[in-house]
Structure formats: C-alpha cells, structure tokens
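What follows is a set of notes on a single structure, which appears directly below.
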Amino acid sequence: MKRFAKISVAVALVATVGLAKEVKIGVVLPMTGPLAAFGQTSKGGLDIAYEQNHKLKNGDTIKLEILDDRGDKVEAATATKRLIDKNKVTVILGEVASGNSMAMAPIAEKSKTPMITHASTNPRVTKGKKFVTRACFIDPFQGAIGAKYALDNGYKTAVVVVDAKQDYSVGLAKAFKKAYKNGGGKVVGTVLINSGDKDFNAQVSTIKAKNPDIIAFTGYYPEAALMARQARAVGVKAPFIGADGVGFPELVKIGGEAVEGFMYSDHFNEKAASSDVAKAYIEAFHKKYNKPADSMGALAADAYNMILAAMNKCIDEGKAPTDKICVNTNLRNTKNFQGVTGVISIDKNGNAVKSGVVNEVKNGKFVYKTTVNP
Amino acid sequence: MKMVKISFLIISILFIWFAQNYIDPYALSILNNIAIFAILALSYNLINGVTGQFSLEPNGFVAIGAYITALFLISADTKVDMFALEDPAPIILAMSLDFLPALLVSGVVAAFVAFILSVPVFRVRGDYLAIVTLGFGFIIKILAINNPKYTNGAMGLNDIPEFSNLYWTGGIMILTMLAMLNIIYSKFGRAMKAIRDDEDAATAMGINTFWIKTYAFMTSAFFEGVGGGLLAALLTTISPDQFTFLLTFQLLIIIVLGGLGSMTGTMVGTILVIGGMEWLRFLDENMTIFGYETGAHPGMRMVVFAILLIIMMLFARKGIFQDKELTEIFKKGSK
Amino acid sequence: MDFSTFMQQMVNGISLGSMYALIAIGYTMVYGVLRLINFAHGDIMMVGAFVAYLANSAGVPFEISVVIAILAAMLTGILTDKIAYKPLRDAPKISLLITAIGISFFLENLFNVLFGGVPRAFAAPEYLTKILHLGSIVIPVTVIIVPVVTGLLLGITLLILNKTKYGMAIRSLAFDIPTVKLMGINADFIIMLVFAMGSALAAIGGIFYAISYPSIDPLMGILVGLKAFAAAVVGGIGSVTGAVLGGFILGFTEIVVVAFMPELGGYKDAFAFVFLILVLLFRPTGIMGQDLERSRF
Amino acid sequence: MILELKNITMRFGGVTAIDNLSFGVKTGEIYGLIGPNGAGKTTLFNIVTRNYTQTEGEVIFNHEEISDLKPDMIVQRGIARTFQNIRLFKSMSVLENVLIGFHNQANYTYFESMFRLPRHFLFERKLKKEAMEMLERFGLVEFAEVNATSLSYGNQRKVEIARALATNPKLLLLDEPAAGMNPNETEDLSEIIRRIKDEFGLTILLIEHDMKFVNNMCDKVLVLDYGEEIFEGKPSDAIVNEKVIEAYLGDFKHA
C-alpha cells in the first residue's frame with residue numbers, strides 16, 4: 001500500500017510539473033490620480049521582486065494582474081471584485097491609501113480571499129478581519145515615532161495638520177496627538193485640509209497665529225510641499241514633521257527649499273538596511289532604475305515575497321498554492337520573516353510588528369537620522 | 001400595440017430571474033450596473049430629452065440618494081465605529097429603515113431638493129440651467145465633505161449592506177420605464193414636448209411652463225435619488241468624490257447615443273455605453289498590438305468615449321431612435 | 001487679525017482674483033458672440049500650464065516656453081471651434097453644449113494618458129518666485145506681477161474691442177450673426193479671433209496659477225474654469241470689464257472671507273456657485289451685463 | 001365691450017412704439033388692425049397677450065384689468081392667439097398639436113397619469129374625441145397622425161387656428177392669418193373664420209395687410225401709423241380716407 005502512495009505522490013508531482021499551472025496574484029494600486037507616485041513606486045519594487053523570483057516549489061509560475069484604481073476607493077472596491085470574480089486570483093496585494101484598503105477589505109473578507117496591504121497604516125483596515133493582513137507597521141506605532149522624535153529634540157508645542165479626506169491622515173493624527181500629549185507635549189491647534197487642495201492661505205495664517213515649535217503634517221506629499229511653501233512665504237519658521245506619506249522626491253521638486261529640514265518617519269531607508277535580502281534588492285533596484293530605493297517599493301517586494309513563502313508552505317503541506325484558506329492561514333502565521341524592510345512577524349490582528357526609521361530633508365536629499373524599534 | 005408592450009414586460013422579468021440565478025458574479029455585477037444606470041438615464045432623459053431643459057443635475061441627486069439610503073441601512077454601532085473625524089449626530093444614529101422605505105425616502109428628499117432648486121433655475125432660461133445644476137453638484141459634494149457629523153466627511157461611508165441584486169435593480173428599472181412612458185403618453189408628456197419644441201408657443205396654449213418643467217425636474221430627481229440608493233447598496237462603499245461630473249457625463253452620452261427624448265433609445269444607449277465601458281477596459285490596461293507593448297494607459301477609455309460623443313454630435317445628432325419610441329417606429333413602418 | 005496679515009490677505013485676494021479674471025474674459029467673449037458656454041475653456045488653461053511646463057523642462061528658456069504655451073492654447077482654442085463648434089453653428093443649443101463637454105473631457109483625458117496623472121512640479125524662474133519683505137508683510141513677487149499684467153491685458157483687450165475694425169466686428173457679431181454675414185464680414189474668421197484671444201488669456205491665467213500653486217495635473221482646469229465662468233456671469237455675461245470685475249470679486253471673497261473665518265475654509269469652492277444662484281435670482285444680467293436675450297416675438 | 005385698451009404707451013429705450021392709443025372691441029365683432037410695417041401692430045398684439053408690459057395704460061378684458069397676469073393665465077381667461085410665422089410643435093403630429101390646446105381642460109393630476117388611474121383614461125378619451133371633432137371642422141382628419149410641420153402652408157395655418165380654438169377662447173387674436181396664401185386659400189380661410197366665429201360666438205382681433213381680405217372680413221378697422229391712431233371705422237370708409245392713403249402712399253415717399 002505504501003508503494004502505491006509513494007507513486008501517486010510522484011505522479012502528482014510530475015503531473016503538476018508537467019502542466020505547471022499559473023497562480024494569479026491580484027494587485028490593486030493607484031497608478032494615476034493624486035497618489036500616482038505611491039502606485040508607481042510600489043510597482044517598481046514589485047517588478048524587482050517578481051524578476052528575482054516568480055516560480056513556486058512545485059514549478060507553478062506566478063502571474064501578476066495589476067489594476068489601477070486612480071486613487072479612488074470606489075474604483076478600488078470594483079477592481080477587487082473584478083480580480084476575485086473575473087480573474088479568479090488567489091491573493092489580493094494592495095492598496096497604498098488606507099481609505100482605499102478599507103473599501104477593499106470587506107470584499108476580500110466576504111469572498112474569503114486573502115488580502116495583504118503593503119503600505120496602509122490605519123489600524124481599522126485589518127480590525128476584525130480574518131482574511132486581511134499587512135506588511136507594514138500601523139499608525140499608533142508610527143505616530144509614537146514622530147511624537148517621541150519631536151519631543152526628544154525639544155519641540156514642546158505643536159499644531160497638527162489633518163487631511164480630512166484621507167483615513168490614513170485622520171488615524172495618524174489621532175495616534176500622534178495621543179503619543180505627543182503622553183510625552184508631555186502640548187497640541188496648540190488642529191488645522192484641516194483636503195487632499196487635492198492647492199491654496200492653504202487660511203490654514204497657514206491660523207498656524208502663524210498659533211506660532212507652534214513644530215508643525216505635525218499627517219497628510220501626503222503634494223499638499224505637504226505646497227503648505228510648506230506657503231508657510232515659508234508667510235514667514236512661518238517652525239519645522240515640519242511628517243510620516244511615510246511624505247517621503248517622495250516630488251516633495252523636494254515641488255517644495256523647493258521650503259521643505260529644507262522636513263523630518264518624517266518611514267518604513268525603510270537604504271542606509272539602514274543591513275540584511276543580505278535587502279542588499280540584493282537594493283543592488284537590483286539601482287541597476288534597474290539608478291535612483292535610491294524607496295520605502296513603497298521595498299514594502300511591496302516584502303508583501304510579494306511573504307505571499308510566495310505562504311504558498312510554498314501550502315505546497316509543503318501537500319495543498320495547492322491556490323487554496324485560499326491555506327495561503328491565508330500561512331500568511332497570518334508569518335513569524336520572523338526576513339524582508340527588505342527588516343524582520344516581519346504578523347500578530348493576531350494581522351498587523352506587522354517591525355521597526356521604523358526617521359529621515360530628514362537636507363539640501364534636497366533624504367538623509368537617514370535614526371531607527372526606532374517596536 | 002398592447003401586445004408589444006406586454007411581451008417586452010414578460011421577457012425582461014424572465015431575463016432578470018434567469019440572470020440572477022445562473023450568471024457568474026462578474027457578469028451579474030455588470031447587469032446590476034446597467035440596470036441602475038438605466039434608471040438614472042431614463043429619468044434624466046425626461047428633463048433633458050423630453051422637456052429640452054439642458055440640465056447637468058444627476059450627480060448631485062445620486063449623491064443625495066446614496067448618502068440617505070446608506071445612512072438608513074448601516075447599523076448604529078457600525079456608524080459609531082466608522083465615524084472617525086467626529087462622532088455621528090444623534091439623528092444619524094437614529095436613522096434606520098429597511099431597503100425599500102430607505103429608497104423611497106431618498107427619492108422623496110431628492111425630489112424636494114429639486115423643487116427648491118427649480119425656483120431660481122426655471123425663472124431664467126437657457127444655458128444658466130446647465131451651469132447652476134453643475135454648481136449644485138459641487139455644492140452637494142462640498143456639503144458632504146464639510147459635515148463629518150452627518151456624512152463622516154471626506155472619508156465617506158463603508159460596509160454598506162449589499163442589498164442590491166438584480167431583482168431590486170431590474171425591478172425598479174422596469175417600474176421607471178413604465179412611469180416614464182406613462183408620463184410621456186399623457187397631457188404632461190405632451191406639454192413637456194411642447195416646451196422643448198417652442199416654449200413661447202406652449203405658453204400661448206395656456207401651459208404654465210414653470211410647473212411642467214418643475215414636475216419633470218422633480219420626477220428626474222426622484223428616480224435619480226432612488227438610483228443613488230441602489231448604487232450605494234451595490235458598491236458597499238461611497239465617498240463624496242465618487243459623485244463627480246463624470247457620472248453626469250456618462251448619462252449624457254447614453255441619452256444622446258440612444259436618442260434624446262426616446263426611452264427605448266435610452267435603454268439601448270445604457271447597454272451600449274455601460275457594457276462598452278466595461279468591454280473597453282482593456283484600453284486602459286497593457287495591450288500588445290502586433291507584439292508592441294503599449295503599456296497601461298489608464299484614461300484611454302475616456303478619451304475614446306469623448307471622441308465617440310463628439311462624432312455622434314457631429315454626424316448622428318438624433319441618436320439611434322431619434323425621439324421616437326420603439327412602438328412608434330413599428331407603427332410608422334407598418335402604415 | 002493684525003494689519004500685516006490683513007494686507008497679506010488683501011494682496012493674495014487680488015492675485016487670485018486676477019487669475020480668475022484672465023480666464024473669465026475668454027468665457028464672456030465666446031458666450032457674447034456665440035451664446036455658447038465653452039466648457040473646454042478651463043481645460044485650455046490647463047493646456048497652457050502644461051505646455052509651458054513641458055517646454056521649460058525640455059530645456060527651453062522659461063520666457064520662450066510661455067510664448068509656446070500661449071500659441072499652443074490659441075491653437076487648441078481655434079481647433080476646438082473649427083472641428084466641434086463650426087459644423088454645429090445652427091444646430092440646437094443642446095448639441096453645442098454636449099460637444100463642448102465632449103471636448104473638455106477629451107482634453108483632460110488625453111493629457112492624463114500622455115503625461116500621466118502624477119502632479120508635476122512647475123519650475124518657475126528665480127525672478128518670478130522671489131519673496132519680498134515689506135516691513136512685516138511678506139509678499140511673493142507674483143502677487144504684484146499678476147494683477148499688473150492682468151490690468152495691462154484688460155486694457156489691450158478693451159482697446160482691440162472698441163477701437164479696431166475687428167473689435168467692432170466682434171461686438172456686432174454679439175447681436176446677430178446672420179445679418180453681420182450679410183455685410184460681407186467673414187464671421188468665421190472673427191469667431192476664430194475670439195477663440196484665439198480668449199485662449200491666449202486663459203493660457204496666461206493658467207501659467208500664473210501654476211506659478212502661484214506650483215503643482216500641475218491634467219484635471220486642474222475643471223474647478224477653476226467653472227468658477228471663472230460663474231465670475232463672468234456675476235460680472236455680467238458678454239461684458240469684458242464685467243468678467244474682470246466678477247473675477248476679482250470671487251478671488252477676493254475666497255481669500256479674505258476664509259482668512260477672517262478659517263472654519264469656512266471647506267466651503268471656499270462653493271462661494272462661486274452661491275454667488276451664481278444669487279445673481280440669477282435677483283439680477284440675471286449680472287452687474288455690468290445687458291440683456292442679450294434677443295426679442296422672441 | 002369685451003376688450004378695452006386705454007391710453008396705451010409703449011417705449012423701447014428711446015423709441016416710442018405706441019403713443020397714447022385707446023380703442024375697444026365689442027363682443028362678436030371682427031376687428032382689424034392695419035397699417036404700414038413698423039406701425040406697432042404686433043407690439044399692440046403682444047401687450048394684449050401680456051408678452052410685453054406696456055409703459056403706461058390699462059388693458060381691460062371682460063371688465064377685468066389683466067395687466068398683472070402672466071401670458072399663460074390670460075389664455076385661461078379666454079384670450080387665444082396665433083403667431084405671424086406659424087409656430088407649430090415640430091416633433092408632434094397634427095392631433096397632438098391640437099391636444100396641447102386642450103391641456104387645461106383635462107383635469108387629471110400628474111400621479112393619475114403616472115399610475116394610469118381611471119380619470120387619466122376618462123379625460124384622454126374625451127380630449128381625443130373633441131380634438132378629432134375640431135380637426136373635422138377644419139377638414140384635417142386625414143392628417144391627424146402626420147407630423148404637423150410637414151403639411152402645406154395653408155393647412156398648417158388651419159392647424160394653428162384649430163389649436164388656438166382648442167383653448168376654448170372668447171377672444172381670438174390672429175396675426176396675419178392670410179399671409180403667404182394664394183387667393184383661393186385666402187377665400188377658404190375667411191370662410192372658415194366666419195363659420196367658427198358664429199359657431200363658437202367668438203370675437204376676433206386680427207392683423208392683416210391683404211386689404212381685400214380685411215374688406216370682406218372686418219366689421220371695423222383701426223389704422224395705425226408710427227404707433228398713433230389715424231383712423232377708426234368701417235374698412236370701406238378707411239380705403240377712401242385721405243390720411244390712410246397718405247400713410248400707405250407715404251410708404252413710397254419714405255422709401
């Protein structure tokens with residue numbers, strides 16, 4: 001009887017190798033629209049990881065189905081439904097903006113399709129969801145990094161700028177305020193903006209009136225650059241501190257020297273990466289794009305590799321890599337996964353516990369300052 | 001002639017029953033989209049095609065309908081958890097209704113807003129109607145963004161229970177079609193067409209054109225509100241940015257392609273445009289034409305549609321059905 | 001709200017107002033002559049800003065790329081008229097409006113496809129982005145240049161309209177195109193001139209807008225265009241000075257009111273449309289306008 | 001006296017179109033308004049139909065001052081009109097055009113139509129019957145389903161009058177009904193006008209240039225020149241009146 005079992009496993013292996021199936025991963029990214037820079041840089045990192053490896057243990061090849069949601073949450077929801085129902089993908093990778101991910105999460109959960117977001121830091125994306133995991137840290141941690149760094153450097157009073165249109169910004173602002181108050185800082189004001197706005201005269205004059213030591217900007221880079229410009233133009237001297245939504249070359253291009261000294265927390269910085277996985281990725285990145293590797297690309301690569309690792313584990317357990325339940329379970333149980341952005345392990349609510357960095361804009365360049373561990 | 005109408009009715013009811021049970025989810029979601037856009041286009045055609053008032057109001061009323069229905073459907077504790085900027089106002093927490101009453105209330109509220117809007121709008125003639133209704137759409141969006149206590153602000157609403165299936169969307173589509181045809185084939189429909197052809201002559205016939213235009217505007221608004229509610233319950237997530245002018249632009253293409261003033265034309269227009277939008281999606285994605293990788297160009301689909309609309313206006317201004325109904329074409333043909 | 005901040009906001013208000021004015025002039029001229037709301041006009045402003053950006057980043061000196069941008073915008077305006085509006089000269093009003101919307105969508109999405117939706121940094125030369133310090137008031141230099149240039153252009157436009165042969169032809173077209181044609185004036189050439197002038201002014205407005213708010217994207221023309229048209233209606237559609245007046249009123253209100261009551265910030269974009277509805281209710285012809293409704297009996 | 005106009009003056013900017021004019025029309029009369037082009041005839045017409053508001057003066061219809069009524073209100077009071085250039089509804093059939101005239105006589109509400117309640121059918125049938133009778137009276141039954149604007153000029157004029165009659169008027173205003181018609185069409189038209197006047201007990205106020213038509217139709221005429229009254233009385237007297245001839249001949253002098 002044993003012989004027969006061995007033969008059938010061999011046959012199964014041969015059979016699967018023979019007709020190496022395609023395993024589809026659905027990817028939803030904002031390739032156009034206000035958040036286009038996030039989408040395009042994420043795809044850059046994903047392409048590197050795909051070139052490095054797109055074969056599973058059993059010979060199946062990975063196929064990426066990438067859809068653009070124009071940075072709009074309804075389009076993100078529709079794209080997710082299309083990927084699951086029409087393209088029959090096994091896993092959904094994406095999205096960047098927390099608002100969009102929160103529109104996608106219920107759809108993935110309802111159809112029991114594992115979904116991993118590589119960059120949405122708002123805790124409510126994975127809250128109460130068994131099929132949604134995350135490859136990046138969450139806002140309470142990132143808010144704490146920014147608050148601690150500001151207080152350590154003697155900025156006692158702060159005005160918090162919130163982008164009322166982005167869940168990411170609202171969540172981050174709440175976390176920053178909590179950590180800043182606990183650390184002894186004083187929030188002297190909150191100012192609302194809407195992403196897509198260009199004129200911040202009103203907000204800037206309110207900040208000038210409050211005259212804080214530091215301005216905590218929790219939105220994305222297009223508005224950050226414009227506000228910095230208009231603040232400097234009105235004579236506001238206080239430095240800005242932001243988060244991963246700000247760390248993009250366009251910040252300097254649009255902001256000019258108004259963004260000099262702009263501090264921000266982030267997932268990854270080339271200089272701080274030590275592991276050989278990271279080094280291989282950075283080297284491949286420089287060869288392909290000859291510009292410094294950014295955090296969005298690195299996170300996307302990590303998420304992609306975590307999916308492959310989970311699928312390979314399913315194959316070891318004798319299940320098919322397209323078995324959504326198995327892939328999801330393995331994804332949720334990822335422990336000490338050596339990724340480009342550091343060691344990643346997923347806790348019980350599907351969030352990643354990992355370290356973060358703080359960078360600063362110094363004459364037009366993003367300079368690494370320090371690393372903060374969970 | 002009666003037979004033609006009855007047979008159409010039966011065929012569509014059978015089709016809806018068949019589609020809901022036997023078609024794969026993706027195709028079903030397209031059918032749902034077509035049904036909802038048909039409701040919006042049919043009612044939009046009343047004010048635009050039949051009464052000849054060039055208004056750009058749909059996205060405003062669809063937004064009203066979507067928000068009201070969503071707020072009625074979402075349970076109180078989901079609201080508390082979802083509202084991030086400010087806690088929901090007591091009235092918002094108290095709001096809860098079943099699907100049908102929620103849709104009806106959305107329609108009535110939209111119609112009431114239309115009535116208030118019609119006072120400034122119909123006092124004056126011509127192009128200002130287009131700009132004011134366009135401005136109305138913006139004002140609704142800005143109100144939604146700046147009142148987080150009532151609408152969760154710019155982040156919109158998620159986790160809306162998915163009630164919309166083809167029975168609801170298809171059923172209401174049929175009711176909308178019947179209502180529109182009943183209005184057109186009555187003294188009110190004739191009065192609307194008279195206003196479209198020559199408003200002064202209509203006044204000289206003793207028609208109070210202000211009221212007739214307001215009836216048409218309120219009817220359009222009612223069904224656009226209901227359509228908005230169905231859309232919210234289909235997409236399960238809505239946000240202020242979603243109800244932009246693009247929605248009105250799509251409806252414009254539909255009624256122009258189908259034939260301004262023709263309801264059967266609008267049905268055909270909806271199927272062609274919404275089906276086409278989905279089918280042309282490949283234009284946005286990476287295409288390999290003769291081996292040449294074009295790379296993904298999102299937005300190409302809309303460029304094609306914009307060109308299509310301009311060509312249609314230049315060469316086929318009357319649309320497929322002109323302003324005739326299917327039945328009329330049969331009648332004309334047969335004589 | 002101390003004095004310096006007040007002056008600060010006054011100056012910003014004038015600058016934004018003049019940008020609206022530049023774009024509003026184009027709307028009012030086209031409407032005055034053709035009774036057509038040129039929905040694509042806002043996007044022509046975007047074309048101006050984008051072409052200036054593209055030429056400049058391709059190494060062309062800023063001043064020349066501005067000229068190229070103006071020419072490109074004029075060409076776009078003229079082509080729009082030739083391809084989409086001329087064949088429909090005597091079609092029902094509704095077809096013209098739908099075609100105008102079609103052109104507007106075509107331009108937006110074409111630029112979106114060609115240059116992607118990524119907001120781009122608009123690099124203006126040093127002398128345009130310098131910041132002056134008058135006592136405690138901090139004034140970016142554009143805030144002075146823009147109103148001055150606008151005043152200049154308004155003067156030139158009025159001069160052309162009132163003093164030149166073509167200007168007279170344009171003004172007469174505003175009353176009755178068929179009769180003007182009878183008098184041997186090539187109406188289509190004059191209409192082309194109107195589109196060219198309107199588009200050129202819109203391009204300049206677009207470039208100034210891009211200098212003050214240096215991130216440009218294909219959809220930047222929509223809202224600004226609509227607000228400029230609302231300003232033209234408030235000022236009195238058909239009257240160029242009315243359009244400029246309307247533009248200033250709108251620009252001024254948006255900046256100053258929001259500066260005094262920051263919590264109204266979110267409603268900034270709605271002011272234009274609230275003005276519009278008020279004007280329609282109480283004075284449909286606008287502040288300076290006269291009733292263009294030709295007698296129908 | 002069914003219609004009375006007292007000291008009517010109408011100024012457009014600097015131009016005085018009508019200068020302090022007063023006249024009255026008795027019930028059952030066919031009253032003609034004649035005069036050279038630009039004499040103010042159509043302006044006077046539009047004052048009666050309230051499309052224009054006179055600068056000074058009163059308009060009394062059926063002993064009621066109607067100056068502050070809107071154009072559609074005076075139709076319900078019983079004043080119907082036709083237009084100089086026939087303005088039929090181009091997308092509708094002849095029958096539908098006439099049905100528009102009956103609009104206010106069908107009192108069923110919007111919802112009764114939408115939900116097809118009995119009153120809708122009741123009135124629609126009644127309206128259709130009355131409309132067909134009206135077409136019969138004008139000999140247009142065979143064209144009922146035909147698109148109104150595809151008819152001959154004479155027939156289109158008949159449809160327009162039929163449509164005006166459908167509003168059940170007491171006073172019918174005809175703006176150059178015989179314009180552009182050949183002699184036997186004019187004859188046919190004047191015969192119909194006389195018949196409907198008696199059958200519906202109408203009063204008719206008409207503007208006309210065709211003196212032969214005015215002569216055998218009108219009981220009384222008012223001749224206008226530059227907005228002033230230069231003659232009122234029987235048409236036969238008007239033709240021989242020295243001032244009237246001078247006004248018309250004068251036309252050549254001005255040219």
Side-chain angles (χ1 to χ4, degrees), chain B residues 48-49 52-54 56 117 119-121 123-132 134-139 141-143 145-147 153-154 196 198-200 244-246 248-249 252-253 255-256 260 283-284 297-315 317, chain C residues 31 35-37 39 83-84 87-88 91-114 116-117 218-219 222-223 226-227 229-230 233 237 263-270 272-282 284-285 292-293 296-297:
Chain B
N48 211 320
Q53 299 303 309
F54 184 63
L56 297 171
L117 197 62
V119 170
V121 155
R123 258 165 54 88
V124 86
R125 282 216 190 150
D127 320 332
Y128 291 163
L129 180 62
I131 284 293
V132 170
L134 197 59
F136 161 68
F138 269 100
I139 291 178
K141 178 177 130 181
I142 289 165
L143 285 174
I145 289 176
N146 289 294
N147 292 289
R196 171 187 62 193
D198 185 337
E199 185 159 352
D200 301 312
T244 60
F245 180 62
L246 174 66
T248 304
F249 177 60
L252 262 181
I253 299 179
I255 60 174
V256 165
L260 282 173
L283 280 174
D284 283 1
H297 290 292
M300 183 58 91
R301 201 168 37 135
M302 286 311 293
V303 172
V304 166
F305 261 95
I307 295 172
L308 174 81
L309 178 70
I310 295 166
I311 290 170
M312 248 193 326
M313 287 320 292
L314 293 180
F315 303 111
R317 243 202 324 284
Chain C
Y31 187 86
R35 292 296 173 285
L36 162 71
I37 304 173
F39 274 99
I83 297 165
L88 295 169
K93 178 67 66 61
I94 203 166
S95 333
L96 262 172
L97 282 172
I98 292 176
T99 320
I101 293 172
I103 295 277
S104 161
F105 254 76
F106 172 72
L107 287 174
E108 283 155 25
N109 285 287
L110 182 68
F111 272 72
N112 197 10
V113 166
L114 296 180
L219 306 181
I222 304 174
L223 188 56
L226 281 176
K227 289 203 239 176
F229 181 77
V233 171
I237 198 75
E263 70 281 2
L264 276 184
Y267 292 92
K268 177 162 66 70
D269 295 339
F273 300 108
V274 171
F275 277 157
L276 186 65
I277 292 179
L278 289 179
V279 159
L280 282 184
L281 273 177
F282 302 112
T285 57
L292 294 178
E293 260 326 280
R296 301 185 300 270
F297 291 92

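Proteins come first, then strands; the chains are lettered A, B, ... in the order of their sequence lines, and each starts at number 1.
- Ranked by non-hydrogen atom pairs under 4.5 Å with chain B, the options C:L110, C:L107, C:L226 are led by C:L226.
- Interface remark: B:V256 contributes side-chain atoms only to the contact with chain C (heavy atom separation under 4.5 Å).
- B:I253 does not touch chain C: none of its heavy atoms, backbone or side chain, sits under 4.5 Å away.
- Chosen from B:I139, B:L314, B:I131, the residue pairing most often with chain C at heavy-atom distances under 4.5 Å is B:I131.
- Of the two parts of C:I103, the backbone and the side chain both hold a non-hydrogen atom closer than 4.5 Å to a non-hydrogen atom of chain B.
- In this structure, B:G135 and C:F273 approach most closely via the heavy-atom pair CA-CD2, 3.2 Å.
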Test side-chain contact (heavy atoms from CB on, under 4.5 Å) on C:F105 and B:L246; report intermediate values, then the result. CA-CA 9 Å; C:F105 254 76; B:L246 174 66; 3.5 Å; yes
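- Note: C:I37 leads C:I37, C:L36, C:L223, C:T99 in heavy-atom pairs under 4.5 Å with chain B.
- Ranking B:L143, B:L134, B:L117, B:I145 against chain C, the residue ahead of the rest is B:L134, based on heavy-atom pairs under 4.5 Å.
- Of the listed residues (C:S104, C:A270, C:S95), the one with the most heavy-atom contacts under 4.5 Å to chain B is C:S95.
- Taking 4.5 Å as the limit, some side-chain heavy atom of C:I98 sits within range of a side-chain heavy atom of B:F54.
- Among residues two or more places apart in sequence or in another chain, the side-chain contact (heavy atoms from CB on, under 4.5 Å) test is passed with B:D198 by B:D200, B:A201, D:R87, D:F89.
- Interface remark: C:F229 contributes side-chain atoms only to the contact with chain B (heavy atom separation under 4.5 Å).
- A donor-acceptor pair is defined here as one N or O able to donate and one able to accept, closer than 3.5 Å; no such pair exists between the side chain of C:N112 and the backbone of C:E108.
- The closest side-chain heavy-atom distance from B:F249 to B:L309 is below 4.5 Å.
- Contact of C:L88 with chain B is made through the side chain alone, with heavy-atom distances under 4.5 Å.
- In this structure, C:L97 and B:L56 have side chains that are not in contact, with every pair of non-hydrogen atoms separated by 4.5 Å or more.
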